[in-house]
Structure formats: structure tokens, C-alpha cells
Asks: 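The structure's right below; bear with me while I get my questions together.
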Amino acid sequence: MKKSTVEIKLQNGLEARPVAMLVQVASKYESKIYLESTGKKVNAKSIMGMMSLGLDNGDQVTVTAEGTDEDEAVDAIEKYLCGAE
């Protein structure tokens, strides 16, 4: 299992379009991927789950992945949340 805490650096936070793109990034990987914030943990491959977090620019989120490609999955999610993609 790989775990990392990331600060969201997306100008408008995680609104509908950025959430959909994040779900697409997460769905490329076989690993189970979760994002956790303020005690709530959701599946990163679920649009509704991700929207329920209501994450904004500057918020801290913990990314957890477990599976054969967990390192790549966490790295890709981190890059996306930091505005690198």
C-alpha cells in the first residue's frame, strides 16, 4: 500500500470537470485508489464519491493506493492534483 498527502493546487478546486478528469486518471490503474479528507474516504474512481468530498484549492487530501501499480497510480494522482497535467 502506498499513501501520500497532497495539497490541491487546481485553480477552481475539484469542480465537476476536474473531478471527471481525476476519475479518468484513477481509472487507468488496476489498483484500488482512495482519497481521504476531513475523515471521509472515497473511491477515486467514483465521480459521485469524489464530488461528495467538496475539495477546493489549497485543501489537503490523502491519496492511498493498493495493488500492482500503486506507485504509478499515486504518482499520477499527485501530479494531477498539483496541476501538472
Asks: If you group Ile, Leu, Val, Met, Phe, Trp and Tyr by side-chain heavy-atom gaps below 4.5 Å, do Tyr34 and Val19 land in one group?
Replies: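 No, it is not one cluster - the side chains of Tyr34 and Val19 are not joined through contacts under 4.5 Å.
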
Asks: Test of understanding: with side chain to side chain contact (heavy atoms under 4.5 Å, CB included), list the residues that count as partners of Thr62, not counting sequence neighbours.
Replies: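 Residues passing side chain to side chain contact (heavy atoms under 4.5 Å, CB included) with Thr62: Lys3, Thr5, Glu36, Thr64.
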
Asks: Which heavy atom in Ile33 sits nearest to a heavy atom in Ala73, and how many Å separate them?
Replies: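 For Ile33 and Ala73, the tightest heavy-atom pair comes out as CD1-CB, 3.7 Å.
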
Asks: With a 3.5 Å cut-off and sequence neighbours excluded, list the donor-acceptor pairs that the side chains of residues 39-47 form with protein atoms.
Replies:
| unit_1 | atom_1 | unit_2 | atom_2 | d |
| --- | --- | --- | --- | --- |
| Lys40 | NZ | Ser52 | OG | 3.2 |
| Asn43 | OD1 | Lys45 | N | 2.8 |
| Lys45 | NZ | Tyr29 | O | 2.7 |
| Lys45 | NZ | Ser31 | O | 2.9 |
| Ser46 | OG | Gly49 | N | 3.0 |

Asks: Might you work through the side-chain contact (heavy atoms from CB on, under 4.5 Å) test for Leu35 and Leu81, ending with a clear yes or no?
Replies: CA-CA 11 Å; Leu35 267 67; Leu81 293 175; 4.3 Å; yes

Asks: Would you kindly say whether Glu30 and Thr68 are connected by a side-chain donor-acceptor distance under 3.5 Å?
Replies: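 No - no donor-acceptor pair under 3.5 Å links their side chains.
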
Asks: Using only atom types and a distance under 3.5 Å, with no angle test, would you say the side chain of Glu66 pairs donor to acceptor with the backbone of Met1?
Replies: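 Pair absent, no side-chain N/O of Glu66 close to backbone of Met1.
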
Asks: With a 4.0 Å cut-off, would you call Asp69 and Lys28 a salt bridge?
Replies: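 No, no charged N to carboxylate O under 4.0 Å.
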
Asks: Nearest heavy-atom pair of Glu78 and Val6: which atoms, and what distance?
Replies: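 That would be CG-CG2, 3.4 Å.
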
Asks: Rounded at 0.5 Å granularity, tell me how far CG in Asp75 sits from CD in Glu70.
Replies: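 Spacing of CG (Asp75) from CD (Glu70) equals 10.5 Å.
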
Asks: In a table with atom names and distances, give each donor-acceptor pair under 3.5 Å that connects a side chain of residues 7-16 to protein atoms at least two apart or in another chain.
Replies:
none

Asks: So with a 6.0 Å cut-off around NZ of Lys2, is the heavy-atom count from everything else above 12?
Replies: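 Atom NZ in Lys2 is crowded, with more than 12 foreign heavy atoms closer than 6.0 Å.
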
Asks: If I compare all heavy atoms of Ser37 with all of Val61, which pair ends up nearest, and what's the gap?
Replies: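 That would be CB-CG2, 4.4 Å.
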
